[in-house]
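FYI, side chains are in, hydrogens and waters are out, and symmetry mates aren't considered; it's all heavy atoms of this structure. First the proteins, then the strands, lettered A, B, ... as listed; each starts at 1. Quick caveat, the model's predicted, so the values are computed rather than measured.
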Amino acid sequence: MGGRSSRSGVEGGLGRIDRQVGQVSVQGRQSVGGRRRLHRRRRVVGGNGFDEGVGHGGGEQGTGRGGRGVDEATLRTAHAGLLSSEDIGNQVRVAGWVATRRDHGGVLFVDLRDASGIVQVVINPEEQPDLDDVTHALRDEFCISVLGSVRARPEGTINPDLATGEIEIGASEITVLSPADPLPFQIDDRADVDEMRRLEFRYLDLRRPRMAANLLARSRALQAMRSTLADDGFLEVETPTLVKSTPEGARDFLVPSRLRRGSFYALPQSPQLFKQLLMVGGVERYYQIARCYRDEDFRSDRQVEFTQLDLEGAFWGQDQVLAALEPVIAAVVKALRGLDLETPFPRMSHADALARYGTDKPDIRFGMELVELSEVFSATEFKAFSGAVEAGGLIAGINGGGLGLSRAGLDGLVERAQALGAKGLVWMVVEDDGSLRSPVAKFLSDAELGGIKERLGAAVGDTLLIVADSPPTTRAVLGGLRIDLGQPEGHDELQFLWVTDFPVFEVTGEGRLVAAHHPFTAPVDVAEMENHPEDAISRAYDLVLNGTELGSGSERIHDPETQARVFRVLGISDTEAKERFGWFMRGLRYGTPPHAGFAVGIDRIIAILQNEPNIREVIPFPKTQTGLDPLTGTPGPVDDAQLAELGIDLRPEVKAALEEEAGGFETE
RNA sequence: GGGGGCGUGGUGAAGCCUGGAGUUCACGCCGGCCUGUCAAGCCGGAGAUCGCGAGUUCAAAUCUCGUCGUCCCCGCCA
């Protein structure tokens, strides 16, 4: 199924953020001569994405552009994309990049692009003969400043595809601020440029409308989160990024300490324990846009370095968390899609999600639900099915609908099922006469075949898929096939869903218990957790959007005794727990308020809302699947002197391998 | 750790299955022409160790093996 999803959303979507959004709320008008200060005007359009980070504190002088060396007005008095017919007659100076140049031998057109959009500049040698040399040298992506007058375009040359298409700037003066080398790829959204190349020249990639729109969307999403939470009385608190390593869950990134040789910091996998201690610290309502690090393999929705909206509330349970979060999500969706979401979001128990959709993150935009068939085969002669039932397995199926697959296509489904962990997959196609065509049909009784059709609501032409395996495998396989066969392309429709009542523990392949959420999650019943850990339910919940897990949260354990009991069930001895989490558990002994919280994957939600198939598209400087940043050549080797200072020797085999490939990655 | 796709002038593709001279298309680049285009147009030109290394063969972009890179999936991601 589905190759790469289309990017049609970028140009097609209704409210999706694209570059033109910057023009929606234009108000300020340029005064004649254009001397009105830019930062004033900025305030009007602020939040439209092209405010160049004015006033970020950090020691720089205060107000607007005033503290900078260059008076911007000498380079620019107007934003390209904001000009309109109301500016006709005004003398303006615009600055930006040469998006395209169209040279007619005499008259030359330059599409000048800045963060606000594009405006056409016309250079006419009859009007300005002295500009010839400059204009001849102009090339794509030169950074230039243009002085000229805004004028209406001549009859018949209006461009309705351009927001500024009614006007143009007649240039009287052009300054090349910076020339540009020939580009490694073209700055537009048409070509599918190699990922590696895009990342190597990310600064150019970011000039593409699609990426600029994604940056803008991200900024707006963060702003929506912050303002919603601030209005709701949340305190934004930062937590450390050099923390104690807790070898559990994902692999930690380690940072060697120079002052304490042989000791290591870890980068945080999340601010989990710190935010709980903030609850102990009386913060009551905390949030943070937190960078998190997990040294695990990449996926299209996973980078080793990612960003979460982390929040926590004291005297809260699940309902307060969900109620606090829904307006935040709604504000983000409003900001990026212009949509008013219906709240509250629907809820579904973890058990229901697994039974109906075969996954804990159901995409409820479409049906094709799993149907239990064990009953139909309670007395079957077909060994693959009877064997599974006897072993306590589950037989279930989905109705894939009219797939019209060839034999090769059906075999492909079998292979896919095997990749998902099944021993096999039974497919059946409903023929015109209502009979079931299937390699195993001859092993099944009429009653069984009839039962299958009835249970799966089979109609002529439908493809039915049946798996008989252990319950988790059956569900995982059918759930996976369901996604392959039925999931809509892209994310025009949005279906949020809370999945609640997660189990406390998962049983690993080796039969070991691990925390399903994390070990600080409150079980619904502590005694039950100890007596039947495999079945125990916790107060944990996930937020799911269109089949993607956006984030998860839980009510926390606020009592050190319960915390200790959970560790015991997990097989963590008291001594070990004290060693690793003693600092945290001690904190719980000083009047810890009951508390609960959540963390939302920001990269994921923005990627989905922007209809992007990969979170790389909404991360300014992401890494490749093997953890490389091709722009900087990170990670790279370090000097022996640096290692010596840290008291670190590379293992001989590692050192040898490094020398083997010497030369390595070059930066300037 | 495993499975799969891809790697061809600066970019994107076709060529590969069925071996026969680096062949083709679009964009870009360089030069020329061109005064209303907007992905401008027309003419000309330059630009390639076909990712790298072995092997098979008279002959390899093409077949085989290995390797590197990249992307997707399984595992992993409390």
Side-chain angles (χ1 to χ4, degrees), chain A residues 1-5 99-111 118-127 139-141 153-162 164-165 168 181-201 204 246-252 269-270 272-273 292-304 306 412 415-422 476-477 480 483-484 502 504-506 508-509 513-521 538 540 549 552 554 566 570 572 601 613-614 616 623-626 628 630 661 665:
Chain A
M1 238 342 261
R4 315 178 50 173
S5 34
T100 57
R101 80 192 263 287
R102 297 177 290 279
D103 187 350
H104 287 247
V107 67
L108 174 81
F109 301 95
V110 169
D111 283 349
I118 284 178
V119 72
Q120 172 168 284
V121 174
V122 184
I123 300 127
N124 192 322
E126 284 173 6
E127 296 166 15
R139 290 294 179 272
D140 280 355
E141 298 304 316
R153 291 199 185 191
E155 191 75 31
T157 64
I158 287 173
N159 182 354
D161 297 330
L162 199 60
T164 60
E168 62 189 18
D181 284 349
L183 304 167
F185 51 82
Q186 282 157 267
I187 312 292
D188 61 46
D189 287 338
R190 290 188 295 275
D192 239 338
V193 182
D194 181 65
E195 290 280 338
M196 187 81 162
R197 184 67 66 172
R198 289 178 59 198
L199 295 186
E200 188 179 351
F201 294 91
L204 295 180
T246 54
E248 169 150 340
R251 287 184 199 91
D252 281 329
Q269 296 181 23
S270 77
Q272 183 61 35
L273 297 181
C292 305
Y293 306 86
R294 295 178 192 174
D295 189 6
E296 295 292 346
D297 288 358
F298 287 67
R299 280 282 197 289
S300 58
D301 59 356
R302 281 174 10 206
Q303 287 261 320
V304 290
F306 61 101
E415 275 175 39
R416 174 63 179 159
Q418 284 163 347
L420 290 166
V477 171
I483 291 294
D484 288 352
F502 271 65
V504 184
F505 304 110
E506 276 167 17
T508 66
L513 285 178
V514 295
H517 183 54
H518 57 55
F520 316 103
T521 301
S538 72
E549 179 195 328
S552 54
S554 63
V566 169
L570 281 169
I572 300 173
N614 193 302
R616 279 193 305 272
K623 293 173 179 50
T624 68
Q625 205 162 45
T626 53
L628 176 74
E661 59 180 273
F665 193 97

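Taking the C1' atom of each, G75(B) and G2(B) are spaced 8 Å apart, rounded to whole Å. Of the C1' atoms belonging to G10(B) and U18(B), the separation is 33 Å, rounded to the nearest Å.
Among the protein residues, R416(A) comes within range of the sugar-phosphate backbone only, with heavy atoms under 4.0 Å from sugar or phosphate atoms but none that close to a base. Among the heavy atoms of the strands lying under 4.0 Å from T624(A) are primed sugar atoms or P, OP1, OP2 only; no base atom is included. As judged by a 4.0 angstrom heavy-atom cut-off over every strand, R299(A) is placed among the base-contacting residues. Among the protein residues, E415(A) comes within range of no part of the nucleic acid, since none of its heavy atoms lies under 4.0 Å from any strand.
For A40(B), the OP1/OP2 oxygens have a side-chain nitrogen or oxygen of R102(A) closer than 4.0 Å.
Of all nucleotides listed (G28(B), C77(B), A78(B)), A78(B) comes nearest to the side chain of P519(A). Among the nucleotides C72(B), C38(B), A78(B), the one closest to the side chain of S300(A) is C72(B). Between C72(B), C74(B), C71(B), one nucleotide has an atom nearer to the side chain of E195(A) than all others, and that is C71(B).
Salt bridge status for E296(A) with R302(A): absent, with no side-chain N to carboxylate O gap under 4.0 Å. The pair R102(A)-D111(A) counts as a salt bridge, with a side-chain nitrogen and a carboxylate oxygen less than 4.0 angstrom apart.
A distance cut-off of 5.5 Å between ring centres, combined with a plane angle under 30°, leaves F185(A) outside any stacking arrangement with the base of U11(B). Once the 5.5 Å centre distance and the 30° plane angle are applied, the aromatic ring of H104(A) is found not to be stacked with the base of G36(B).
For the pair F298(A) CZ and G69(B) P, the computed distance is 14 Å after rounding to whole Å.
With the nearest nucleotide of RNA chain B identified for both D194(A) and G421(A), D194(A) has the one nearer the 5' end.
Base pairing annotation: C6(B) forms a Watson-Crick or G-U wobble pair with G69(B), both donor-acceptor distances under 3.5 Å.
Formation of a donor-acceptor pair under 3.5 Å by the Q269(A) side chain with backbone atoms of A250(A) is found in this model. Of the possible donor and acceptor atoms, one in the side chain of T164(A) sits under 3.5 Å from a partner among the backbone N and O of I118(A).
The base of C77(B) has none of its N or O atoms less than 3.5 Å from a complementary donor or acceptor on the side chain of R294(A).
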